[in-house]
Amino acid sequence: MSTTKKSWRDRLASYPHLPSVKEIPAAMRPRHGEGTIATPSPQEVEAAMRSIPEGRLATVMGIGEDIALRHEATIGCTVTTAIFAHMVAHAAEEGPKTQDAAPWWRTLKVDGELNAKYPGGIEAQMSKLEAEGHTVVQRGKRYFVEDFAKKLTGTR
């Protein structure tokens, strides 16, 4: 048996059952109501992240909302979207640096917060964002892009 760890790219390819649209689970209904939930494929999340132009930003929540619209679902699964965004970021960094690698640093958490779980942590994301002209501010122990909402782009 091989102990070789799966590459991030291989991990992204290991969800053949996605995307899917299902009824919103009972446990989520008090918060989200009745309807359907779209769970994206890793490829959809990667495509959304690739489509964010320089100088613009997206949030995991926004990508989830775009995916819900695309699948005609009531809501998008932002937990799965966030997990796949993390995987896309690591896959982009593990391979050769190419022009078409996903610009993962442009995808933020809710409220414009930087993601410490991305490759290189807050410092790497902050450096890439500042190189594109964004201002990062610290609030407590967390970091945010200033005026991020003015720079959001739809990823549809």
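Counting from 1, the numbers follow the sequence of the chain as shown.
With hydrogens and angles disregarded, no donor-acceptor distance shorter than 3.5 Å links the side chain of Ser127 to the backbone of Glu123.
Salt-bridge annotation for Glu146 and Lys151: absent, with no side-chain N of the basic residue lying under 4.0 Å from a carboxylate O of the acidic one.
Within the 4.5 Å cutoff, the side chain of Glu54 has heavy atoms near those of the Arg106 side chain. You'll find the side chain of Val110 stays beyond 4.5 Å of the side chain of Thr59, heavy atoms only. Put simply, the side chain of Val88 does not reach to within 4.5 Å of the side chain of Thr107, judged on heavy atoms. The closest side-chain heavy-atom distance from Val45 to Ile67 is below 4.5 Å. Residues Ser41 and Pro19 meet the side-chain proximity criterion, which asks for heavy atoms closer than 4.5 Å. Using a 4.5 Å cut-off on side-chain heavy atoms (C-beta onward), Pro42 and Phe84 make contact.
One finds the CZ atom of Arg11 at 9.0 Å from the NE2 atom of His90 (value rounded to the nearest 0.5 Å). The line from CD1 of Ile37 to OG1 of Thr74 is 9.5 Å long, rounded to the nearest 0.5 Å. Atom CD of Gln125 sits about 12.5 Å away from atom OH of Tyr143, to the nearest 0.5 Å. To the nearest 0.5 Å, the span separating CG on Leu57 from OG1 on Thr153 amounts to 9.0 Å. Atom NZ of Lys6 is separated from atom CG of Leu12 by 10.0 Å, given to the nearest 0.5 angstrom. Here the straight-line distance linking atom CG of Asp147 with atom CG of Leu152 works out to 11.0 Å at 0.5 Å rounding.
A continuous path of hydrophobic side-chain contacts links Trp105 to Met126 [ILVMFWY only; heavy atoms under 4.5 Å]. Connection of Ile75 to Ile83 is not established within any shared hydrophobic cluster, with ILVMFWY side chains joined at heavy-atom distances below 4.5 Å, either directly or through further cluster members. In terms of hydrophobic clustering, with Ile, Leu, Val, Met, Phe, Trp and Tyr side chains grouped at heavy-atom distances under 4.5 Å, Ile122 and Val137 are assigned to different clusters. Side-chain heavy atoms closer than 4.5 Å link hydrophobic residues (I, L, V, M, F, W, Y) into clusters, and following such links, possibly through other members, connects Ile63 to Met87. Under the 4.5 Å side-chain heavy-atom criterion for ILVMFWY residues, a single connected hydrophobic cluster contains both Leu108 and Met49.
Summarising the local packing, CE of Met61 is surrounded by 12 or fewer heavy atoms from other residues, nucleotides or ligands at distances under 6.0 Å.
Scanning both residues, Thr80 and Cys77, for their nearest heavy atoms gives OG1-SG, 3.1 Å. For the pair Ala68 and Ala38, the tightest heavy-atom approach, listed with the atom from each and the gap, is CA-CB, 4.1 Å. Here the closest non-hydrogen pair linking Val136 and Glu130 is CB-OE2, 3.9 Å. Of all heavy-atom pairs spanning Gly55 and His134, the tightest one is O-CE1, 3.4 Å. Contact detail for Ile24 and Gly33: the closest heavy-atom pair is CD1-O, 3.5 Å. Taking both residues in full, the closest heavy atoms of Arg9 and Glu94 are given as N-OE2, 2.9 Å, listed atom of the first, atom of the second, then distance.
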What verdict does the side chain to side chain contact (heavy atoms under 4.5 Å, CB included) test give for His71 and Glu44, after you've listed the backbone C-alpha separation in whole Å, the side-chain angles of each residue and the deciding distance to 0.1 Å?
CA-CA 11 Å; His71 291 287; Glu44 285 178 299; 2.5 Å; yes
Could you walk me through whether Glu23 and Met28 pass the side chain to side chain contact (heavy atoms under 4.5 Å, CB included) test, one step at a time?
CA-CA 10 Å; Glu23 191 175 314; Met28 293 175 70; over 6 Å; no
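Partner Glu93 forms a side-chain hydrogen bond (donor to acceptor under 3.5 Å, both in side chains) with one of Trp104, Trp8, Tyr118 and no other, that one being Trp104.
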